[in-house]
Amino acid sequence: MNKKIDYRNELNPAQLEAVESIDGAYLVIAGAGSGKTRVLVHRVAYLVEKKVKPDEILLLTFTRRAAEEMLRRASLLLDERCSRVSGGTFHSFANATLRRYAKVLHLANNFSILDESDAADTINLIRARLGLDKTDKRFPRKRAILEVISKSINKSEKLADVLYDEYPQFLEFSDEIKKIREEYRKYKAAKSLLDYDDLLVYLKELLVNHADVRLALSRRYKYVMVDEYQDTNKLQAYIACLLASEHKNIMVVGDDAQSIYSFRGANFRNIMDFPRLFKNTRIIILEENYRSTQPILNLTNEVISRAKEKFEKNLYTRKQGGSHPLFIDAEDENAQSRYIADKILGLREEGIELKDIAVLFRSGWHSNDLEIELASRNIPFVKYGGQKFVEAAHIKDVISYLRIVYNSADQVSWMRALLLIPGIGSKSAEKIISSFSFGKDRLHPISGIKKEEVRKLLDILKEIDSASPAQAGRDPARIIAIILEYYQPLLKHKYDDFHKRINDLDSLLRIASRYKSLEQFLTDMALEPPERSLAEAGLRDKDDSTLTLSTIHSAKGLEWHTVFLIYVAEGHLPSYLSLEDEEGIEEERRLFYVASTRAKENLFLLKPHIDRSPRSFMDGGGSVFTQPSRFLDEGGIMDKFVQVEDAGDEFAAACAEFKEDTGKKSASDKEFLRMMQEYFHGQEED
DNA sequence: TGCTGTATCTTTTTT
DNA sequence: AGATACAGCA
């Protein structure tokens, strides 16, 4: 029973055009909150209605969250056919495709995926093997080396150019880094290991060098759609275009003003250049904003209008009323946290649910104090972004055993597993590893291993091998259960705080029990790891509504009724690390823009006046008075928000800062006064 | 060779 | 504050 969708009524003319355009190349420039997701969702439904098979539609999105949300909404709109659309992130799509076509590239299809720290460790190993660990001059650290190599791949630039442009301090090591890159490449190839970049590189090669595969994929995916195109890098853009090269049915959607991934090689010029690749590209611009109130838009428009380079857009809304964004210069970090917690409780009284509220920040640790405050007040929350659950050392330990089970040639995991055994360091571990001879998918330990502990490890692995058939479809939870028996003593030996970590292992087991196949489990842990959830306060299921804490990066594409943006201070947003060049600051500006455009009704900007954060020791140590973010301090912008003085004694000053929003004064006036009252009332308790 | 204690540096965002 | 590199000891 198909629902009849009334596209004409549900969409504005520009949106409708995008939805009803089927064949050909389209570039949709979609300002923040302009209904971009709505367009994609409707377009999926429209295509399906036009008898395009769902799996012939390829939807490449930036995060899995975005993909799921989109397919969920499309299914709601039409029917469950929409949930069978192909797609995911570039990396997950690459993974799936490469496993299918592994043979063509002479690649084992049980390759393992190295995450960033695995890759960095491998780099270090190779550096040592090359004898580059004993240099007299200071050599770049493993992360830095990896960063350089990765950037050169993602930006499709020569290593030397990347060094010259971004890491001039490493120029003198140019030859050594190249050597490491070469050895690293060989090492991975020999051991069936792929890092994140390899996924893209191999996919690109597959598409470029194998016309038959490219054709097959083109037939399979007749309509290609790419979301958040401004955040793709050269390699990804190339892949998208290659996929569409046969039929040229491609729609890319993005907003140059929201490009925030240049550190990963993203280049918003991809958007500008798209029409050059596809000759008859039709450009559709969505400018009407359906998300935020006018006062919020006034602020965000003002901030982005100062960007150096952009498509001219001016977002407007028909939404009436709304209150001014508030700027609160809280006394210190904890005052900032308390303000938010108070306000959240107040909003909840008014019927705003926790799930409609978010606190956003530039970097993961910005929310540390807030997390403690929220926990003490029993406000349940989930944190997105920042350090991931699977990056914790003990989780990586356990996963390394699983990776060995899956791909016994995975030497990176072998190394990790062996180093956990007391008495075995890197030398012995290397010796042991080279004494193995690696068969096709089973390991053959060679005699002469004396260490009883190593035996034990091998026995456990053998036990797993015999307990479950070597074929795919192994049950990851069962394997973990066996491994934990073995691992627990090692855990206690290695970490003083093991009792905290043991809980995490339970979580891992719980997560694993949702998977039927080891391969899928390992892939997801590498490519789409579960977010670190601190909401274990137990209040989770009570009303099933949780507050969102998120880095700005992870908040992309989402929206909330009320948004708090914290640490809106110089050195934090913009981050002091990006102050060196103009491009860096421009990206911070876009970050500010992305963050503040997430708000539908209320936007609170906060900063602690006294900065005792760990990084303040950089400039002088101890505590430092913060300056408001430069994005709030540019001429003419002050009247786009209301500044609330935290000093408590300055009611008059705060009032003086208040400038009326022309037009709809009654609503915002009342709102403002209420805020003020609440605010100063709150102050008395301090 | 491995372990432990100390000196040193760096510190963002994500697949 | 935390990670990493390094030096010295067992």
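In what follows, chains carry the letters A, B, and so on, assigned in the order in which the sequence lines appear, proteins first and then strands, with residues in each chain numbered from 1.
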Using a 4.0 Å heavy-atom cut-off, does [X] contact any base of the nucleic acid, only the sugar-phosphate backbone, or nothing at all?
X      : result
A:P422 : sugar-phosphate
A:S92  : nothing
A:F90  : nothing
A:E116 : base
A:S578 : nothing

Euclidean distance, atom [atom1] of residue [X] to atom [atom2] of [N] [Å, nearest integer]:
X      : N      : atom1 : atom2 : result
A:H493 : B:dT4  : NE2   : P     : 7 Å
A:E570 : B:dT12 : CD    : P     : 18 Å
A:R143 : B:dT15 : CZ    : C1'   : 14 Å
A:H91  : B:dT14 : NE2   : C1'   : 9 Å
A:L114 : B:dT15 : CG    : P     : 17 Å
A:K142 : C:dC6  : NZ    : P     : 13 Å
A:R141 : C:dG2  : CZ    : C1'   : 11 Å
A:L360 : B:dT13 : CG    : P     : 14 Å

Review point. Do the side-chain N and O atoms of A:S575 and A:S578 include a donor-acceptor pair separated by under 3.5 angstrom?
Key: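 Looking only at side-chain atoms, A:S578 and A:S575 do not form any donor-acceptor pair under 3.5 Å.
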Check your understanding: Per the atom types in the model, does the base of B:dT14 pair as donor or acceptor with the side chain of A:R264 at under 3.5 Å?
Key -> yes
Point to revise | Any N/O donor-acceptor pair, A:R362 side-chain to B:dT13 base, under 3.5 Å | key: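 Answer yes: a donor N or O sits under 3.5 Å from an acceptor.
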Exercise for review: Examine A:F93 together with A:Y221 and report whether their ring centres are nearer than 6.0 Å.
Suggested key: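 That pair passes the under 6.0 Å test.
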Check your understanding: So, is A:K388 close to the B:dT15 phosphate, meaning a side-chain N or O under 4.0 Å from OP1 or OP2?
Key ->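 Affirmative; the distance criterion is met.
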Practice item. Using a cut-off of strictly less than 4.0 Å, decide whether A:T551 has a side-chain nitrogen or oxygen near OP1 or OP2 of B:dT14. Key: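 It does, given that an N or O in the side chain of A:T551 lies less than 4.0 Å from OP1 or OP2 of B:dT14.
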**Study point:** Upstream residue (5' side of DNA chain B) when A:A526 and A:E147 are each assigned their closest nucleotide
**Key:** A:E147
Exercise for review: Return the 5'-most residue of the pair A:P529, A:L577 with respect to DNA chain B, ranking by each residue's nearest nucleotide.
Suggested key: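 The residue mapped nearer the 5' terminus is A:L577.
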Review point. Do side-chain atoms of A:D121 reach the backbone of A:D118 as a donor and acceptor pair under 3.5 angstrom?
Key: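 Judged by distance alone, no pair lies under 3.5 Å.
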What I'd like to find out is whether the side chain of [X] reaches to under 4.5 Å of the side chain of [Y], using heavy atoms alone.
X      : Y      : answer
A:L573 : A:F361 : no
A:S117 : A:R143 : yes
A:L591 : A:H553 : yes

Exercise for review: Please indicate yes or no: is the ring centre of A:F263 less than 5.5 Å from the centre of the six-membered base ring of B:dT12, with the two planes inclined by under 30 degrees?
Suggested key: no
**Study point:** C1' gap between C:dA5 and B:dT12, integer Å
**Key:**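 Pairwise C1' distance, C:dA5 against B:dT12, rounds to 23 Å.
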Review point. Roughly how far apart, to the nearest Å, are B:dT13 and C:dT4 at atom C1'?
Key: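 Those two atoms are separated by 22 Å.
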